[in-house]
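Input: a single structure, listed below in structure tokens.
Any value given below was found using the heavy atoms of this structure, including those in side chains, with hydrogens, waters and symmetry copies removed. Here the structure is a predicted model, which means the values were calculated and not measured. The chain is numbered in sequence order, starting from 1.
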Amino acid sequence: TAYTGGETEARLFLNVGKAVAIDGVGVVHETWLKVSHVIDPSNIAALRGMVMYRRSLDNGATFTAEQALTIDSDFTGYPKLAAFGDNVYITFHAIYGPAGTPPQPYLIRSANNGQGFFAIQRLSTAPAALPTIAAFGPFVHVVWAAGSPSFAEIFVVSSSDSGAHF
């Protein structure tokens with residue numbers, strides 16, 4: 001399906017714009033990119049949107065209301081999700097700066113099973129794309145790519161205190 005303008009959701013528009021995780025007590029957590037504008041139709045990463053979240057306490061039969069976790073921002077994308085215990089972690093890349101600022105990796109986390117979230121944390125000031133995340137116990141690891149289209153490097157940051165510090 002071709003994009004025709006107006007608001008669309010990445011659940012329908014981008015296969016990489018969504019993620020789901022089930023925590024240890026059976027809560028289903030879902031995040032996705034809600035696309036508000038395609039900046040450049042020839043560049044799949046050139047999107048303006050918000051990272052959204054919702055959860056289900058009954059194995060996915062019903063979900064809470066959708067919640068925007070970020071502001072509507074250029075080049076926001078690729079939210080990924082991990083959950084362990086009461087902790088929920090969502091990583092994504094976005095531009096929160098003046099024109100010409102490259103996308104950077106960010107994390108938003110919850111310590112109460114997604115009922116509320118802490119402020120967004122920037123994980124690096126270096127350009128970044130396609131972050132992904134894993135968590136086990138108090139350990140959280142975020143990996144992303146950075147560089148040019150012809151040469152990219154892989155970066156990783158780790159936390160041993162449930163994402164409070166990297």
Side-chain angles (χ1 to χ4, degrees), residues 2-3 8-24 29-53 67-111 114 117-166:
Y3 178 78
T8 187
E9 292 184 5
R11 291 181 289 181
L12 305 174
F13 180 62
L14 295 172
N15 190 39
V16 295
K18 62 189 175 311
V20 64
I22 302 173
D23 66 22
H29 304 275
E30 181 184 28
T31 188
W32 67 97
L33 176 63
K34 187 171 190 175
V35 177
S36 61
H37 178 70
V38 175
I39 298 166
D40 178 359
S42 68
N43 179 354
I44 194 73
L47 303 171
R48 182 174 184 84
M50 297 179 289
V51 175
M52 304 296 289
Y53 171 81
Q67 175 184 359
L69 298 180
T70 66
I71 61 171
D72 194 20
S73 177
D74 288 349
F75 289 86
T76 298
Y78 305 96
K80 298 301 176 204
L81 176 69
F84 189 89
D86 289 336
N87 296 303
V88 179
Y89 308 96
I90 298 170
T91 188
F92 60 96
H93 67 246
I95 295 176
Y96 293 130
T101 302
Q104 297 170 331
Y106 292 88
L107 175 90
I108 188 164
R109 65 187 177 92
S110 169
F117 285 85
F118 292 100
I120 296 171
Q121 296 170 254
R122 183 172 56 193
L123 299 175
S124 173
T125 57
L130 310 172
T132 193
I133 190 164
F136 184 79
F139 303 103
V140 182
H141 307 281
V142 180
V143 178
W144 65 86
S148 69
S150 61
F151 178 79
E153 294 182 82
I154 302 300
F155 293 86
V156 62
V157 292
S158 298
S159 170
S160 60
D161 59 4
S162 299
H165 303 92
F166 283 89

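- Put simply, the side chain of Val51 reaches to within 4.5 Å of the side chain of Thr31, judged on heavy atoms.
- With a 4.5 Å cut-off on side-chain heavy atoms, Ile108 and Thr70 do not count as touching.
- A 4.5 Å side-chain heavy-atom check between Tyr89 and Ser162 finds at least one atom pair inside the cut-off.
- Closest of all the heavy-atom pairs between Leu81 and Ala21 is CD2-N, 3.5 Å.
- When only modelled atom types and interatomic distance are considered, Ser159 and His165 share no side-chain donor-acceptor pair under 3.5 Å.
- Residues satisfying the side-chain hydrogen bond (donor to acceptor under 3.5 Å, both in side chains) criterion with Thr132, sequence neighbours excluded, are absent altogether.
- Side-chain atoms of Thr125 and Gln104, non-hydrogen and from C-beta on, do get closer than 4.5 Å to each other.
- In terms of modelled atom types and a separation under 3.5 Å, the side chain of His93 and the main chain of Leu130 share a donor-acceptor contact.
- For the pair Ile71/Tyr96, a side-chain contact is recorded, criterion being any heavy-atom separation below 4.5 Å from C-beta on.
- Between Phe166 and Leu107, the closest side-chain pair of non-hydrogen atoms falls below 4.5 Å.
- The shortest distance between side-chain heavy atoms of Ile120 and Arg122 does not fall below 4.5 Å.
- A donor-acceptor contact under 3.5 angstrom links the side chains of Tyr53 and His29, judged on distance only.
- Between the Thr91 side chain and the Tyr106 main chain, a donor and an acceptor come within less than 3.5 Å of each other.
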